[in-house]
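Residue numbers run from 1 in the order of the sequence given. Every number for a ligand or one of its atoms is a count from 1 in the order of the listing.
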Amino acid sequence: MPIATAIKDALGSQSMIRKMFEEGALLKKQYGADHVFDFSLGNPDVEPPPAFHRVFLKLAEEDRKGSHGYMPNAGYSEVREALAGKASREQGLTLDGSCIVMAVGAAGGLNVVFKAILNPGDEVIVPRPYFMEYRSYTGNHGGKLVEVDTLPDFSLDLDAITAKLSPKTAAVLINSPNNPTGRIYPEKTIARLADILRAHGEKYGRLPYLVADEPYREIAYDNAGVPPILCAYEESIVVSSYSKSLSLPGERIGYIAVSPSVQDRNDTVDALIYATRILGYVNAPALMQRIVAELTFARVDVEIYARRRAAFTRIFNEAGIPYAKPEGAFYLFCQVPPRRKTGSGGASDDRAFADHLKKHLILGVPGSGFGKSGWMRFAYCVDEKIIVSSAEAFKNAVESW
Ligand SMILES: Cc1ncc(COP(=O)(O)O)c(C=O)c1O
């Protein structure tokens, strides 16, 4: 049976990552899962907080009439109100439930946002490196992803963003704390970005949206605050989820929060609700909505990730692998070290380095998958013991590189 050309192309370009997963599975079969250092997937292994199980059991037992039926596409109104309270605390302004649309995870939320705001050929500017699915999420809805470089420390390069703004710019998409770099964008940077977007809007009569993808907001280290977005810029939309903060990626629950100051706010929210319906989500999962509404103060134990970050960075320091110290999220983004033998390395060698690490039973993702060759991402969603026991393998891999 023929498949769509665009899908065929997409499947082809994914082959590098697919190959990596397949080879990883083979290695685990061959050597046993406990002997393979698999840092490839951002699938949280930290269990949801105990409060989740308590609320889950309570609501499941309630057997409230109609609790499994269709509902308004935006979600239950009481859930939207509860999450408006949470978003108000995080985003530095007061929202009510009419600013919230429940979503099927951040992935669902981003697809809904782009379906709602993009016209064919519209551009979405994204700083690189970036979460690789963004290309599909914008392309799904006729948009074009426009990549811009970040500064050497992976903070936003506002001049580069300014240079890429055009009359076709529908949105700038940011992700802080960032996957894969762990960078948190400071308040001052967000304020300057907002000024740049306002100036652009005045010049071209089209104010771009600032779309903030925030699944990692609650995973920040050393008491770092993640600056608010909605109070910083009137034309902003935040997409959030519980995949990481409550370790619920399989439950597919998140939400979209729209700034109360967005122009034509009712139209924007109506468009998001309509997109939720016609993309086939219809609404976010019912039971999960009711659960997260009762857990607006809960989150996973971030200290577990902080300890792993410390263990991982110690290993990289000892092995001589340069890295960007994550301020949030749970990834370590490292530079491919120079080859010992030739002294070359860097730029295009991330795939070769990933293959080399595999010989030492270490799995990570080449940075070119995130638009940044010469780098690699290691997810620390694995037991600290596995991280600690990978030290020797990393050292040997660097020495024989
Ligand atoms: C930056 C980023 N955005 C979005 C997602 C998708 O998250 P969700 O599971 O909530 O759809 C992920 C998942 O890893 C991510 O890293």
**Q.** Side-chain H-bond candidate by donor/acceptor type, Ser98 with Arg265, under 3.5 Å
**A.** yes

Q. Does the side chain of Tyr323 pick up a donor-acceptor pair with the side chain of Gln335 at under 3.5 Å?
A. no

Q) Can you check whether Trp375 and Phe154 have ring centres sitting under 6.0 Å from each other? A) yes

Q. For Ser400 and His356, does a side-chain donor sit closer than 3.5 Å to a side-chain acceptor?
A. yes

Q: Can you tell me which residues line ligand 1 if we count any heavy atom under 4.0 angstrom from one of its atoms, in chain and number order?
A: Gly105, Ala106, Ala107, Phe131, Tyr134, Asn175, Asn179, Asp213, Pro215, Tyr216, Ser241, Ser243, Lys244, Arg252

**Q.** Test side chain to side chain donor-acceptor pair (under 3.5 Å) applied to Gln289 and Glu78, step by step
**A.** CA-CA 10 Å; Gln289 285 195 40; Glu78 65 276 18; over 6 Å; no

Q. Going by atom types only, do Ser176 and Asn178 share a side-chain donor-acceptor pair under 3.5 Å?
A. no

